[in-house]
Amino acid sequence: LSMKYSVFLPPQIVIDDAGGKVPALIYLAGLTCNEETFMTKAGAQRLAATLGLALIAPDTSPRGANVPGETDSWDMGVAASFYLDAVQAPWAKNYRMETWLTTELLPLLTATLPLQPGRPMYS
């Protein structure tokens with residue numbers, strides 16, 4: 001499944017002043033949210049631009065996995081925001097959020113965006 005995420009980068013002049021790379025804050029949203037919730041509701045972009053921070057907001061869960069029962073409850077399944085890997089079937093096939101974050105998303109963003117390598121900040 002393809003996963004969604006939002007990214008905010010500070011203005012180019014801020015990136016240039018930081019030596020071409022800025023630190024990143026990864027915001028892990030809570031229950032019933034998605035990759036857009038933090039970016040649209042928190043208004044954090046203005047402060048992040050001032051501080052020279054990139055903001056990364058991954059979705060809370062895979063969408064479209066069609067696991068039986070994934071939409072039956074607001075606190076389990078779609079939008080439940082458990083950033084870990086499921087270990088039991090049928091969830092284990094697609095609900096691998098920790099692996100996706102640490103071995104796919106962060107390396108991809110670090111390789112393609114002006115982000116400082118190393119340990120990102122999580123919130």
Side-chain angles (χ1 to χ4, degrees):
L1 294 173
S2 61
M3 294 292 295
K4 294 183 177 183
Y5 57 91
S6 294
V7 174
F8 168 81
L9 292 173
Q12 186 64 47
I13 192 165
V14 174
I15 296 169
D16 293 342
D17 288 348
K21 300 209 181 263
V22 294
L25 173 73
I26 301 170
Y27 183 81
L28 302 177
L31 287 172
T32 71
C33 295
N34 63 31
E35 78 283 357
E36 294 291 328
T37 308
F38 172 67
M39 296 293 187
T40 58
K41 292 186 176 181
Q45 294 94 332
R46 181 176 298 145
L47 181 59
T50 302
L51 296 175
L53 283 175
L55 301 176
I56 300 167
D59 198 353
T60 57
S61 63
R63 309 287 172 149
N66 298 319
V67 172
E70 73 178 358
T71 60
D72 291 351
S73 176
W74 63 272
D75 62 350
M76 184 65 174
V78 174
S81 72
F82 297 110
Y83 294 95
L84 46 80
D85 291 346
V87 295
Q88 294 182 350
W91 304 94
K93 179 180 178 185
N94 293 303
Y95 282 76
R96 303 184 46 76
M97 296 301 292
E98 180 181 9
T99 297
W100 174 68
L101 282 169
T102 59
T103 65
E104 295 180 43
L105 182 62
L106 293 179
L108 170 72
L109 296 179
T110 304
T112 58
L113 296 174
L115 303 178
Q116 289 178 354
R119 187 174 178 158
M121 298 176 283
Y122 291 90
S123 173

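Side chains included, hydrogens not; waters and symmetry mates left out as well; all remaining heavy atoms used. These numbers were taken from a predicted model, which means no experiment stands behind them.
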Quick one: does Asn34's side chain have a donor or acceptor within less than 3.5 Å of a partner on Thr37's backbone?
-> yes
Among residues two or more places apart or on two chains, list those pairs meeting salt bridge (charged side-chain N to carboxylate O under 4.0 Å, His left out) that have a residue in residues 51-67.
-> Asp59-Arg63
Minimum heavy-atom distance between Trp100 and Lys4, given as atom pair plus value | CH2-O, 3.7 Å
Within-4.5 Å side-chain heavy-atom neighbours: Lys21 and Pro117 = yes
Gly52 and Val22: which non-hydrogen atoms are nearest, and at how many Å?
-> O-CB, 3.3 Å
Would you say the side chain of Met3 lies within less than 4.5 Å of the side chain of Met97, judging by non-hydrogen atoms?
-> yes
Which heavy atom of Ala49 sits nearest a heavy atom of Pro11, and at what distance?
-> CB-CD, 3.8 Å
So which heavy atom on Phe38 is nearest to which on Ala57, and how close?
-> CD2-CB, 4.4 Å
Give a yes-or-no answer on whether the side chains of Ser6 and Glu36 include a donor-acceptor pair shorter than 3.5 Å.
-> yes
Side-chain heavy atoms of Leu108 within contact of Tyr5, under 4.5 Å | yes
For residues Pro10 and Ala48, report the shortest heavy-atom separation together with the two atoms involved.
-> CB-O, 4.4 Å
Are Trp91 and Val67 side-chain neighbours, meaning at least one heavy-atom pair lies under 4.5 Å?
-> yes
Students should find that the hydrophobic cluster of Ile13, defined by side-chain heavy atoms under 4.5 Å apart, otherwise consists of Val14
Point-to-point distance, once rounded to the nearest 0.5 Å, from CG of Leu25 to CG of Leu51 | 10.0 Å
Does any N or O in the side chain of Tyr95 come within less than 3.5 Å of the main-chain N or O of Leu84, such that one atom is a donor and the other an acceptor?
-> no
Gln12 atom CD: more than 12 heavy-atom contacts under 6.0 Å = yes
Roughly how far, to the nearest 0.5 Å, is the CD atom of Glu98 from the CG atom of Asp85?
-> 5.5 Å
Determine whether Met39 and Phe8 make a side-chain contact, defined as any pair of heavy atoms from C-beta on separated by less than 4.5 Å.
-> yes
Student check: side-chain heavy atoms of Leu106 and Leu115 closer than 4.5 Å | no
Distance col, row Leu47:CG vs Leu55:CG, nearest 0.5 angstrom, shows 8.5 Å
Heavy-atom side-chain contact between Ile56 and Leu109 under 4.5 Å = yes
Indicate the atoms forming the closest heavy-atom contact of Pro58 with Tyr27, along with that distance.
-> CD-O, 3.4 Å
Can you tell me how far the CD atom of Glu35 sits from the OG1 atom of Thr40, to the nearest 0.5 Å?
-> 9.5 Å
For Thr60 and Cys33, indicate whether the former's side chain and the latter's backbone hold a donor-acceptor pair under 3.5 Å.
-> yes
Mind checking whether Leu113 and Val7 have side chains closer than 4.5 Å, heavy atoms only?
-> yes
